[in-house]
Enquirer: 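Sharing a structure below in structure tokens format, with a few things to ask.
Everything numeric here is computed off the predicted structure, so don't read it as measured data. Basis for what follows: all heavy atoms, side chains included, without hydrogens, waters or symmetry-related copies. Reminder, nothing fancy here: chain letters follow the sequence lines and each chain counts from 1.
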Amino acid sequence: MPRITLPDGKVLEFPQPVTGRQVAEAIGPGLAKKAIGVKLDDTEIRDLARAIDRDCTLKIITAKNDDPDALYLLRHSAAHVLAEAICALHPGTKLAYGPPVDEGFFYDLRTPEPIREEHFAAIEAKMQEIVAADRPFVRCEFSAQEGLARTEGDKYKRDNAERALAKGDDTLSFYVSGEPGRDWEDLCAGPHVPSTGWLKASKVMSVAGAYWHGDQSSDQLTRVYGTCFADDKGLKAHLHRIEEAKRRNHRKLGKEMDLFHVEEDNPGQVFWHPRGWAIYVTLMDYMRRKQVLNDYQEVHTPSVMSRVLWEKSGHWQNYRENMFTTESEKRDFAIKPMNCPGHILLFKQGLKSYRDLPLRIAEFGSCCRNEPSGALHGIMRVRGFVQDDAHIFCTEDQVEAEVASFCRMLTEVYADFGFGTDRIDIKLATRPTPRIGDEASWDRAEKALGEAVKAAGLQYTISPGEGAFYGPKLEFTLVDAIGRGWQCGTIQLDPNLPGKDRLDATYVAEDGSRKNCVMLHRAILGSLERFLGILIEHFEGKFPLWLAPEQVRILPISDDQMPPARALKDRLVALGVRATVDEQAGQLGAKVREARLARVNYFAVIGGKEAEAGTVALQNQAGEKLGTLPQDEFVARILAEIEAKTLPASMIGSA
RNA sequence: GCUGCCAUAGCUCAGUGGUAGAGCACCUCCUUGGUAAGGAGGAGGUCGUGGGUUCAAGUCCCACUGGCAGCUCCA
């Protein structure tokens, strides 16, 4: 006698097991028509046609672009349609695995001939046929034995089936797209939408290689990516977002705006051009100021350190293949991939008292990591980079307060770049396996981090098992202007590295005894290179004034205004403003066009009238004409806007 | 690192086995102008590198390097 509780708290009672569809019908026929599945107890998504025989809470899932559960169902089902289409067009195709993912779904399979982009149109046409036929997804359940028999000779599906059984399932389910025995079927746990007709807004996106179970030594499969939305509108919006991402690509804008380049013979290391470096330095100066205000002390430690030190820190044993090494007079050295060992050595100079703690040591640490070539990506993932790194040496009792104050500093910083708390996603990564340390200290550590986030007035979710082997960590992900997430900030509790067995960082406690401190590894921007890449994409190269590489360009109308134009530029430069004069001969229209394309924030026109009156005619990057104003007023306005770190009008408010 | 795709002028790209092209940028000259392109001329290339097929290779084949996408990785 299932008692079913609806999201609004209403309870429906049924005399016998019911299907999701029957529940929907009981609520209303309109809803039943729109329903594509149900979610039980907020955890289990099920087919509409499956019977429910227990008490539960239930949500009817309808096809909506903003409901992750709906997208899950649609995409999982679309993966079947894709696979069926490929099987039809490429006989002999072996199916492996086809789950929904963040932006859509994929299907891993092995085809007799390689699938290429030129096949997409045919695959999509076939998919549309299947969708138009509006065939039902029919769940067929078999006993373990019968199910296994059905996968006989099919390496991948057999393996999937065995894994499902090993996991504890006692039956195996297949989904038929249509009529059992006649139409295409696939071993699949489900769930699926009621019929293929729901999958109108599907598209094949790309093709890539993948390995069976992600194992490089295993079979190479073809992974075909697709996506699916509730309707055309959702699909179009998605395709538009992809176009947006292309337009904002930092590699493209970096070239276009002359910010940096990477040499073909030196992959993974950035050559910063004057304009890019101007932003970089601004970022660094800004963080330096923030750190001072938050009681950090800036230091600088060596880039190359002896193997002896890396052995003590454990990096030589555990991180070797990611380090660039060198040698001198028969001794091995490594370029630092991290700053923590150096900071501990620095901490250990002189005797530290409990009165010195917490001690916050910051460094714009230039690190090199020998990343695999395939991982490199523009300036986002490089082999040489600088972190806004700092280590907080403290006692276990001080951890919570330190983490809370870090959270406050971090939200202030992010807000200055236009990421308000609604654009920060916080995860608490908890104890992994394997790990070191006893359960009680993990309990305390995880609790301290969680409480600290709350104390800072923020919310977090748990990321189970994702902590470092030595301690839990918080990870801060920024959501950019087009909704993409970028993990930047982090704070990790580490009792290991400063511990007795590693670098042994101690202080004299109140009772005169020596105690080991714990340390917090923390960064807000992460890698400056990567953060700048994120900013380029977030702002589409149209930086807020305080960050912009060229803040003001002065446009004289003719050579006669060159002297006053240069004088105004010199005045601005002396005040720390990044200002230039367009010295080219040419018409004003051309100069305005170039200034806008170069994403200069403000351009100040000086013609005969302005020169005489000591004014400028002002326009901004967006093309808004801001009128004619006295030069004094203009200068004051620029300085005020830099000081206020005003964000571009288009970036204010959340998306 | 693995798989697939890609590599032509500073940039964006065309060139489908038979004499290397366009637009923009650059240089020179003319033009001194009022808010998104004034005009004329010029220079610019070992077609990523190395091998092979061919009478002939930017074009076809192989390897390497780099880039892109995905995988994997990110103690």
Enquirer: Look at the side chain of A:Arg223 and decide which nucleotide, out of B:G70, B:A36, B:U65, has an atom nearest to it.
Expert: B:G70
Enquirer: Could you tell me how far B:U46 sits from B:C27 if I compare only their C1' atoms? Round to whole Å.
Expert: 24 Å
Enquirer: Could a donor-acceptor pair under 3.5 angstrom be found where the side chain of A:Glu371 meets the base of B:G1?
Expert: no
Enquirer: Considering only atom P, compute the distance from B:G18 to B:A56 and round it to an integer number of Å.
Expert: 14 Å
Enquirer: Please report, rounded to the nearest Å, how far the C1' atom of B:G10 is from the CG atom of A:Asp258.
Expert: 11 Å
Enquirer: Apply the test side chain to side chain contact (heavy atoms under 4.5 Å, CB included) to residues A:His273 and A:Arg275: give CA-CA distance (whole Å), side-chain angles for both, the deciding distance (0.1 Å), then the verdict.
Expert: CA-CA 6 Å; A:His273 298 193; A:Arg275 302 172 77 90; 5.6 Å; no
Enquirer: Can you find a donor-acceptor pair, distance only, under 3.5 Å between A:Arg381 side chain and B:C73 base?
Expert: yes
Enquirer: Using the C1' atom as the reference point in each nucleotide, state the distance between B:G21 and B:G51 in Å, no decimals.
Expert: 28 Å
Enquirer: Quick one: label A:Ser373 by what it contacts on the DNA or RNA (base, sugar-phosphate, nothing), any heavy atom closer than 4.0 Å.
Expert: base
Enquirer: Return the value, rounded to whole Å, for the distance between atom CZ of A:Arg251 and atom C1' of B:C11.
Expert: 17 Å
Enquirer: Round to a whole Å and report the spacing from CG of A:Asn322 to P of B:U72.
Expert: 17 Å
Enquirer: Just so I know, are the side chains of A:His377 and A:His250 near enough to count as touching, which here means a heavy-atom distance under 4.5 Å?
Expert: yes
Enquirer: Please report the distance separating the C1' of B:A9 from the corresponding atom of B:G48, rounded so that it comes out in whole Å.
Expert: 14 Å
Enquirer: Reckon A:Tyr225 has a side-chain N or O less than 4.0 Å from the OP1 or OP2 of B:C71?
Expert: yes
Enquirer: On RNA chain B, check which nucleotide each of A:Arg369 and A:Pro267 is closest to and give me the residue with the more 5' one.
Expert: A:Pro267
Enquirer: Give the rounded distance in Å between these two atoms: NZ of A:Lys542 and C1' of B:A36.
Expert: 13 Å
Enquirer: Where the side chain of A:Pro372 is defined as all heavy atoms beyond and including C-beta, which of B:A75, B:G1, B:A37 is the nearest nucleotide?
Expert: B:G1
Enquirer: When the ring centroid of A:His391 is compared with that of A:Phe347, is the distance short of 6.0 Å?
Expert: no
Enquirer: Under 4.0 angstrom, heavy atoms only, what part of the nucleic acid is A:Phe106 near: base, sugar-phosphate, or nothing?
Expert: nothing
Enquirer: May I ask which nucleotide in the shown strands pairs with B:A36, Watson-Crick or G-U wobble, both distances under 3.5 Å?
Expert: none
Enquirer: To the nearest Å, how far apart are A:Glu263 CD and B:G66 C1'?
Expert: 11 Å
Enquirer: Looking across every strand, which nucleic acid part, if any, lies under 4.0 Å from A:Ala617 by heavy atom: base, sugar-phosphate, or nothing?
Expert: base
Enquirer: Using only side-chain N and O atoms of A:Arg530, determine if any of them is under 4.0 Å from OP1 or OP2 of B:C74.
Expert: no
Enquirer: Taking the P atom in each of B:G50 and B:U65, what is the distance between them to the nearest angstrom?
Expert: 15 Å
Enquirer: Just how far, in rounded Å, is P of B:C68 from CE of A:Met205?
Expert: 19 Å
Enquirer: Within the 3.5 Å criterion, strictly below it, is a donor on A:Thr580 or A:Glu550 matched to an acceptor on the partner's side chain?
Expert: yes
Enquirer: When A:Phe634 is tested against each of A:Val552, A:Thr615, A:Leu626 for side chain to side chain contact (heavy atoms under 4.5 Å, CB included), which residue passes?
Expert: A:Val552
Enquirer: Using whole Å, what does the distance between atom P of nucleotide B:U35 and atom CG of A:Asp582 come to?
Expert: 15 Å
Enquirer: Toward the 5' end of RNA chain B, which comes first, A:Met338 or A:Lys609, by nearest nucleotide?
Expert: A:Lys609
Enquirer: Which whole number of Å gives the distance between the P atom of B:A7 and that of B:C62?
Expert: 15 Å
Enquirer: Determine the contact category for A:Gly607: base if any of its heavy atoms lies under 4.0 Å from a base atom, sugar-phosphate if only primed atoms, P, OP1 or OP2 are that close, otherwise nothing.
Expert: base
Enquirer: Within 45° of the six-membered ring axis of A:Phe105 and under 6.0 Å from that ring's centre, is NZ or CZ of A:Arg75 located there?
Expert: no
Enquirer: Is a side-chain donor-acceptor pair under 3.5 Å present for A:Lys336 with A:Thr301?
Expert: yes
Enquirer: Below 4.0 angstrom from OP1 or OP2 of B:U12, is there any side-chain N or O of A:Lys255?
Expert: yes
Enquirer: Just the atom pairs and distances: protein N or O near nucleotides 22-32 of chain B's N or O, under 3.5 Å.
Expert:
from	atom 1	to	atom 2	distance (Å)
B:U32	O2	A:Asp559	N	2.9
B:U32	N3	A:Asp559	OD2	2.9
B:U32	O4	A:Asp559	OD2	3.0

Enquirer: What contact category does A:Gly378 fall into here, base, sugar-phosphate, or nothing, at under 4.0 angstrom with non-hydrogen atoms?
Expert: sugar-phosphate
Enquirer: Taking A:Thr430 for the side chain and A:Gly465 for the main chain, is one N or O donor matched with an acceptor at less than 3.5 Å?
Expert: yes
Enquirer: Considering only atom P, compute the distance from B:A43 to B:U3 and round it to an integer number of Å.
Expert: 47 Å
Enquirer: If we call it a pair only when both distances are under 3.5 Å in a Watson-Crick or G-U wobble match, what pairs with B:A63?
Expert: B:U49
Enquirer: Would you say A:Trp310's side chain and A:Ile335's backbone share a donor-acceptor pair under 3.5 angstrom?
Expert: no
Enquirer: Counting the atoms with a prime plus P, OP1 and OP2 as sugar-phosphate, which does A:Arg596 contact under 4.0 Å by heavy atoms, base, sugar-phosphate, or nothing?
Expert: base
Enquirer: Looking at every strand, decide which applies to A:Leu221 at a 4.0 Å heavy-atom threshold: base, sugar-phosphate, or nothing.
Expert: nothing
Enquirer: Report the C-alpha distance between A:Gln492 and A:Tyr470 in whole Å, list the side-chain angles of each, state the deciding distance to 0.1 Å, and finish with yes or no for side chain to side chain donor-acceptor pair (under 3.5 Å).
Expert: CA-CA 9 Å; A:Gln492 314 188 2; A:Tyr470 47 72; 2.6 Å; yes
Enquirer: Under 4.0 Å, heavy atoms only, any strand: does A:Gly314 hit a base, just the sugar-phosphate, or nothing?
Expert: nothing
Enquirer: Which nucleotide in the set B:A36, B:G38, B:A69 lies at the smallest distance from any side-chain heavy atom of A:Gln587?
Expert: B:G38
Enquirer: Is A:Ala375 touching bases, backbone alone, or none of the nucleic acid, heavy atoms closer than 4.0 Å?
Expert: base
Enquirer: Does OP1 or OP2 of B:G67 have a side-chain N or O of A:His377 closer than 4.0 Å?
Expert: no
Enquirer: What is the base-pairing partner of B:U12, counting Watson-Crick and G-U wobble geometry with both distances under 3.5 Å?
Expert: B:A22
Enquirer: Could you measure between the two P atoms, the one in B:U12 and the one in B:G39, and give it in whole Å?
Expert: 25 Å
Enquirer: Rounded to the nearest Å, what distance is computed from the NZ atom of residue A:Lys252 to the C1' atom of nucleotide B:G67?
Expert: 17 Å
Enquirer: Once you apply the 3.5 Å cut-off to both distances, tell me the Watson-Crick or G-U wobble partner of B:C71, or none.
Expert: B:G1
Enquirer: What contact category does A:Gln621 fall into here, base, sugar-phosphate, or nothing, at under 4.0 angstrom with non-hydrogen atoms?
Expert: nothing
Enquirer: Quick one: which of A:Phe531, A:Phe419, A:Tyr414 gives a ring-ring contact (aromatic ring centres under 6.0 Å, His included) with A:His538?
Expert: A:Phe419
